[in-house]
Every structure is written in structure tokens, then in C-alpha cells.
Amino acid sequence: MTMASLTLYPDEERLAGTDRLVFNLYLITGLVLFVLMMLLGLGMRWTQAQWLGVPSNWFYQLLSMHGAGMVGTSVMITTATMWFFLRKYVTLHLWAFAANYVLFMLGALCIIGAIFGGGYAALWTFLYPLPMQGMGMWSPGASALFMLGYLLIGVGSLIFYFDAAAGIIKVHGNLGRALGLQWLFGGTINQDHPKAVVASTSMVIANSLGILAGAVALVMSLAAIFFPEVKLDMVLIKALIYWFGHMYINAAIYMGVIGIYELLPRYTHRPYGLSRAFLWGWATTSTLVIIVFPHHLLMDFAVPHWMLVMGQIASWGSGFPVVVVTTWGALSNIYKADFKWSLPPMLLILSLFGWVTGGFGAFLDSTIVVNLTMHNTQWVPGHFHFYLLLGVVAMTLGFIYHVVGDRSPETVQSGLGGKVFWLYFAGALVFLFGFLDGGRLSVPRRMAERIDAWIFTDQVGAVGGTLVFLAMLYFAARLTAGLLQTRAPAGAGRAGAAHAAR
Amino acid sequence: MKNQDVILTIWLTGAVLISLGFIFVIRQAGQPDTDAAARVHASHQWQGRLFIVMVLAFIVGTWATLRTFPIPRQDVASGAPQTVEAVGRMWSWELRPDKIDAGSMVEFRVTTVDVNHGFGVYAPDGRIVTQTQAMPGYTNRLVHTFAEPGIYTVQCIEYCGVGHGPMRATFEVLAPRGQ
């Protein structure tokens, strides 16, 4: 890594005009949606804790909105992270980035209309044949509108990824070289080869394939809605849905992590070298993450057993190369480094903790013998909220704090933000423990009704969730104000920001 | 100790170890060393050790958890002396028969006439003992031997619409004959 890239706010990252407008739209929309979706989540946890009386039919509508909204928002906002850094290394067209945003918003409107207008409540996974059998709660038309929303969002993502692929290929010749495959078995690794390009290329390949699998599932489902005589094979449709769903939400982590690679060394003032282990990690994960989805079908005994074995083995092997290599690299980067903590590195390191610790829970759950008692219990939202709430959201907040630090340097200093950081962290641990303990007690996930034995752990989770929500409200307000602020005078801003990093 | 308690304990142990690793490194941040080359060398050495431990854990763990495949073959009958036909529909279960002998293997043949359901078998203490999915167009064979007599509950654990929560049924596990 060159020393130039250790500059806290390099000139090539500066945003102006329409670039800044679109970028701000992504981030501010994402922050607002995170808050709103958390509010829905909180409504469900309070209902399970018996503190709120949301009726079951509304509960499942909220659940559908929360799931689709959080997954979509996570990918949308981390797409902005990828764009922000990748554009320094390859040509990205603003129209593609903007088109993704517009299609996301149109898709979101369809989804909101389907749920709150049409009563759709077949969850974000639209598992066939439930969308076609609303039993009076929703019509097939509402399901079709929901799926149309997904298609619009998927098309937006593909436009962005294909533009990124074109830009990457133009600079690096092909996607394999961009992934650094030429250095896997030997040769001197070019230390200027950007990690952002490696991670982006991985997602361009893997997430595009996942989205295409999802598109096939959506088109098949739409055909089944409009032509009820069309019957789909349950195993095939579920495999396609989870190929898409698993890949799509994982892409949020893999795009968001670019922020860690790019930013952490600037705060520690220490280069973050490109190693062969790093390249092997990404190459392995890029391959395995594509075939990992059968771990969602472990209890579908009719699935060929070789696929279930593949699901377990690929799960054990897929996330770990990147998560271990990244965590090791990042921790080595801060170990005995000469720097003072501020909010961006605090949040970035927290996100690694969330990713690894939550990932360990997911790793356990992907083991068939464990899945026999933990599948579809609250263990599942326990582990995925761990690496989303303490992983993706923390990663994104760290990135946005960094961006805002250029415009409003005092924001990144700990101060009140630091206190809210600890509120967020502590609240999240309590919230997550509520889910994981629910898994221990065999509390089913995705269920409005409760029995007495479950309520205490639900109440613990609801208290934690409330703290997280309050902290997120602060972060969203503070960061939105920061993003809208015009940049501080050059001298003051840079000096202040540099001070904050020391 | 129940299965679920073991799993939470394993996760908590891992979480504590991960936390200690993070705390150790974070405490060193801001205390710069003078010999960068030695630090990088040590980091590479530890990375290599971690890699070897993880590969060994992968191999041993895969062998230990898959050498006896936890799911019965679906293309042949299990040979269990007892069989229960289980049919799910929005939003009820039909179980035939609803009495099972403890200590003797039972094969549940689980299917659904409409959407996906989750066939979660809950012991009298409220914990899941085993499960499978009820899938449209397929019949899943779930094999289990109940050790303890009592009233067990089948709870739907795959979301299937507004009546999902109350979708449950019970069956009785009888003490082995002669006891």
C-alpha cells in the first residue's frame, strides 16, 4: 500500500455536485430506513414481550416489511460503500449508481404497497406456495406486486454490478486478475492492487449469480400466480430462493468490509499489506459462498443428501476464510499501533467482533446435527442479527462517521457519540442474548403467539432492542445532519480531522 | 444437559475467547512498539498456527458430525417397528396413530396438503427433540426413539400464514410395555 493511501481524506475521494447528491441520497435513505425498520422490529419484540398488542395478521405484515426492508437497506447502503471506494480505481458511471437507487426506491414502493395496501405477509423469503395462498389475508395480486418490487431492486443491483464489472475488466483485463488469482501460487504480489477491487470483484460475480437465481425463482413464482395450473417443484424453488437470499444479505457484509480495508490503515497510520492469505481467503469465499445455500434446506429431508453434506461443508468453509483473514489483518493492523480511538475505528473494529461472533453462531447452526434442534428457532435471528446489527450496521456507521468527519471533524471525536456507541453495543448484546436464549428454549422464530415460558427472554430482548433503537436514532440524526453539512474550511477541516485520528 | 444447552455453552465459550482476543489487541493499541519487523514476523507465525488449528478442527469436526449421517435415507423404509402418518394443513396437524411406545424406534412420514410447515417435536419439558419440514409434493421420513414417556407436542415451526402459531397437536409416548 502506498503512503498516499494513508491520507485520511485523499483528494480522489472528494465528492461534489451530483456525485455527492446521489451518495447522500443513498446514505440518508439508508439511515432513515434502518431507523424505521428497527421500529417495526421493536414493535414485534414488544408484542412478544406482552407489552404491546399487535394482532397476528399485522405482526406478520410487520415481519415481512422488516425482513425485506432490512435486507434491501443493508445491500443498498453498502453498495454506496463499494461505489465510494471502487470509483478511485476503475471508472464507474454515475448513471448506473443513480439508476440502482431509483430502481431500489421504486421496488421499495411496490413492496410497501403490497404489504400495507394489499396485506401481503408471506415474508421476505416469498416461499412457494405461500404467496399464492393468503387465506384471505392477502391476494395473489399483492404477492405479484411484492415480487415485482424485488425484480426492480434486482435489476438495479445488476446494472450497478455490470457497470462495475466493465470498469474492473477495463483496468485489470479480466475478473480473475482483479481477484488476484495470478498470485495465489507464487509471484510477487503488487502491493498497490486494491483490496477494494478484490472484494468488489468477488461480489460482482457471486451476487450477480445469486440475483439471477432469484430472478428465475421470481419469474417462476409469478407464472404460478397468474396461471394457477402451473405447479412448481418445492425443492427447486426453495433452493433458488435461498441461493439468492443467502447471497444477497451476505453481499452486504462483503461490500461493507471494503470500508475496513480502506479506512482502518488511515486511522492507525500503518499500511495494511496485501497478502497471499488474503487473496486465498477471497478466492475461497467467492467460490464457496455460491454453493453454501443448501444449509437453509437441511431439514428438507427430500433434498438429495449430497447437497446437505455440501451445505454443511461449504458453510464451514465459506465465510471463515474472509472473516478470519480480515479480522486477523485488521487486529494486526491496530496491534501496538500509534493512534487514538475515535468513532470510525471504534465502529469498524466493533463490526469485526460482530461478524466473527455472530458468524460462529451461524457456523454451529449449519451443522446438520445441531440444525435438528435449532433450525427455525430464535437461535437463527440470534446469530444473523449478531452479524448484521453489530456487523453490517456498525461497519456502515463507521464508514459514514468517517465521511462526515471530513465535513464536521468534531463529530468523530468520542464525546456524546462515544457514550451512544457503548449504549448501542450493550443494548445489542442484551437484545441478541434474548434471541439466543430463545433458541436454547426452543422458541420458534417468526411467531406472534407466546407461551408463558418464553416471555421473560422476550422481555430481555425487548429491553435490549429499545436501547439499540434509541442509540440508532441518535446515530441517524447526527450522521444525517453531518452529511447535509457543507464541508468545513479546508484548513480547519483537515487539521481537525487529522487531530481526531491521532 | 439438553442439546440446546450444550450448543449455547459452546457458542458462549467461543464468544468469550473471541472477546478476550479483541480485548488483548485493543489494550495494546496506542502503545507502539519499536521493532516493526519482529511484530510482523510474530503475526505471520501466529497466523500460520491459527490456520493449522482451523484446518484440523475442520477435518475432525466434519468427521465427527457426519460419520453417522443424522438424517435417515429417504428412498427406503427405515424398518422402524412403529409408523406415524403426519399430515399438515393450514392450520392443523393430523397424526395417525397418536400413541407411541417409548424405547422403540418410530418413523414419522411427514407431508402437507398445502404450503410448507415445520414438524417440530417438543418434549414435555418444552424443548425440541427433533424436527423435519413438511413439504408440498414430498413425504419426509423422520426417525426417532423416544426415551421418556409423556405428552409431546408437534408445533409448526415454519411460518405458514396467520394461523401458524396455534398450529399444534399432541401425541402420547407410552412407557415401554412391562414397566
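Because only heavy atoms are used, hydrogens play no part in the values below, and waters and symmetry mates are left out as well, while side chains stay in. Each chain gets a letter, A, B and so on, in the order the sequences are listed, and its residues count up from 1.
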Plane angle bin for A/H305 and B/F69 - parallel if under 30°, tilted between 30 and 60°, otherwise perpendicular: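 B/F69 and A/H305: tilted rings.
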
With only heavy atoms counted, which part of [X] is less than 4.5 Å from chain A, the side chain, the backbone, both or neither?
X	result
B/Y122	side chain
B/L17	neither
B/Y138	side chain
B/A42	neither
B/V110	neither
B/L66	side chain
B/R73	backbone

Below 4.5 Å, heavy-atom pairs only: which of [options] has the largest tally toward chain B?
options	value
A/D365, A/D233, A/L63	A/D233
A/T357, A/T373, A/V369, A/T377	A/T373
A/F353, A/F363, A/W138, A/W328	A/W328
A/R450, A/M234, A/M132, A/R445	A/M234

Contacts of residues 74-92 of chain B with chain A (heavy atom under 4.5 Å):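 Within residues 74-92 of chain B, the residues that come under 4.5 Å of chain A (heavy atoms only) are B/Q74, B/M90, B/W91.
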
Salt bridge (Lys or Arg N to Asp or Glu O under 4.0 Å) contacts touching residues 127-144 of chain B (sequence neighbours left out):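 Counting only pairs at least two positions apart or across chains, the salt bridge (Lys or Arg N to Asp or Glu O under 4.0 Å) contacts touching residues 127-144 of chain B are B/D5-B/R127, B/E107-B/R141.
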
A/S56 versus chain B, the contacting section by heavy-atom distance below 4.5 Å: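 Both backbone and side chain.
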
A/K238, part contacting chain B, at a heavy-atom distance under 4.5 Å: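 Contact with chain B involves the side chain of A/K238 alone.
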
Ion pair check, B/K2 and B/D125, cut-off under 4.0 Å: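 Counted as a salt bridge, because a side-chain N and a carboxylate O are separated by less than 4.0 Å.
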
